[in-house]
K.L.:
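One structure, pasted below without further comment.
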Amino acid sequence: MRLQLANSSFNEIARELGLSHSTVLDVSNSRGVSMKVAQAIAEKIGSSPDELWPGKYPSTKKGQAMS
């Protein structure tokens with residue numbers, strides 16, 4: 001729903017990233033892991049991957065390494 005409010009969709013993200021709709025959907029439903037997809041979804045709705053999927057994607061703020 002938040003993607004709709006941002007005038008976006010899983011299909012749009014899939015096209016932008018050159019991936020299948022199902023890949024993007026799997027990441028959104030926590031059935032798959034992809035920082036690239038998670039970041040794209042989060043950016044569309046003004047959030048972060050760690051906020052949307054707590055603990056699944058570590059913070060990537062400057063100066064912090066991904067573990």
Side-chain angles (χ1 to χ4, degrees):
M1 178 170 187
R2 289 174 69 180
L3 275 176
Q4 289 176 340
L5 293 173
N7 294 316
S8 189
S9 68
F10 293 129
N11 282 328
E12 181 179 321
I13 292 169
R15 279 191 304 274
E16 289 173 359
L17 298 177
L19 301 170
S20 70
H21 172 265
S22 62
T23 297
V24 175
L25 198 57
D26 283 348
V27 172
S28 75
N29 289 322
S30 295
R31 290 188 304 252
V33 177
S34 169
M35 180 54 116
K36 180 169 96 170
V37 174
Q39 187 67 44
I41 293 170
E43 285 178 4
K44 290 285 185 181
I45 62 172
S47 189
S48 70
D50 191 49
E51 187 178 339
L52 296 175
W53 299 277
K56 190 166 189 171
Y57 299 98
S59 176
T60 56
K61 293 178 185 172
K62 289 184 180 180
Q64 287 184 326
M66 283 184 57
S67 34

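One-based numbering along the sequence shown. All values below were derived from every heavy atom in this structure, side-chain atoms included, with hydrogens, water molecules and symmetry-related copies excluded.
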K.L.:
Before you tell me yes or no, could you show the steps for Ser34 and Thr23 under side-chain contact (heavy atoms from CB on, under 4.5 Å), namely the whole-Å CA-CA distance, both residues' side-chain angles and the distance that decides it to 0.1 Å?
P.N.:
CA-CA 9 Å; Ser34 169; Thr23 297; 5.8 Å; no
K.L.:
Please report the shortest heavy-atom distance between Gly32 and Lys56, naming the atom on each side.
P.N.:
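Taking every non-hydrogen atom into account, O-NZ, 3.4 Å.
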K.L.:
Quick one: closest heavy-atom pair of Lys36 and Leu17, and the distance?
P.N.:
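For Lys36 and Leu17, the tightest heavy-atom pair comes out as NZ-O, 4.0 Å.
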K.L.:
Does the side chain of Ser9 come within less than 4.5 Å of Leu3's, by heavy atoms?
P.N.:
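Leu3 does not reach Ser9 side chain to side chain.
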K.L.:
Just verifying a value: how many Å separate Ser47 OG and Gln39 CD, rounded to the nearest 0.5 Å?
P.N.:
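One finds 9.5 Å between OG of Ser47 and CD of Gln39.
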K.L.:
Rounded to the nearest 0.5 Å, how far does CD1 of Ile41 lie from OG of Ser48?
P.N.:
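Ser48 OG to Ile41 CD1: 12.5 Å, rounded to 0.5 Å.
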K.L.:
Kindly compute the distance separating CZ (Phe10) from CD (Gln4), expressed to the nearest 0.5 Å.
P.N.:
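With rounding to 0.5 Å, CZ (Phe10) is 9.0 Å from CD (Gln4).
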K.L.:
Taking all atoms of both residues into account, what is the closest heavy-atom pair of Val37 and Leu19, and its distance?
P.N.:
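Heavy atoms only, the tightest pair is CG2-CD1, 3.5 Å.
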K.L.:
Where is the tightest heavy-atom contact between Leu52 and Arg2, given as atom of each residue plus distance?
P.N.:
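Closest approach of Leu52 to Arg2, heavy atoms only: CD2-NH1, 3.7 Å.
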K.L.:
Hey, are the side chains of Val33 and Trp53 touching, using non-hydrogen atoms and a 4.5 Å cut-off?
P.N.:
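No, every pair of side-chain atoms sits at 4.5 Å or beyond.
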K.L.:
Measuring from Glu16:CD to Glu43:CD, what's the distance to the nearest 0.5 Å?
P.N.:
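Between Glu16 CD and Glu43 CD, I get 10.0 Å after rounding to 0.5 Å.
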K.L.:
Which atoms form the tightest heavy-atom contact between Ile13 and Ser8, and what is the distance?
P.N.:
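Smallest heavy-atom distance, with atoms named: CG1-OG, 4.2 Å.
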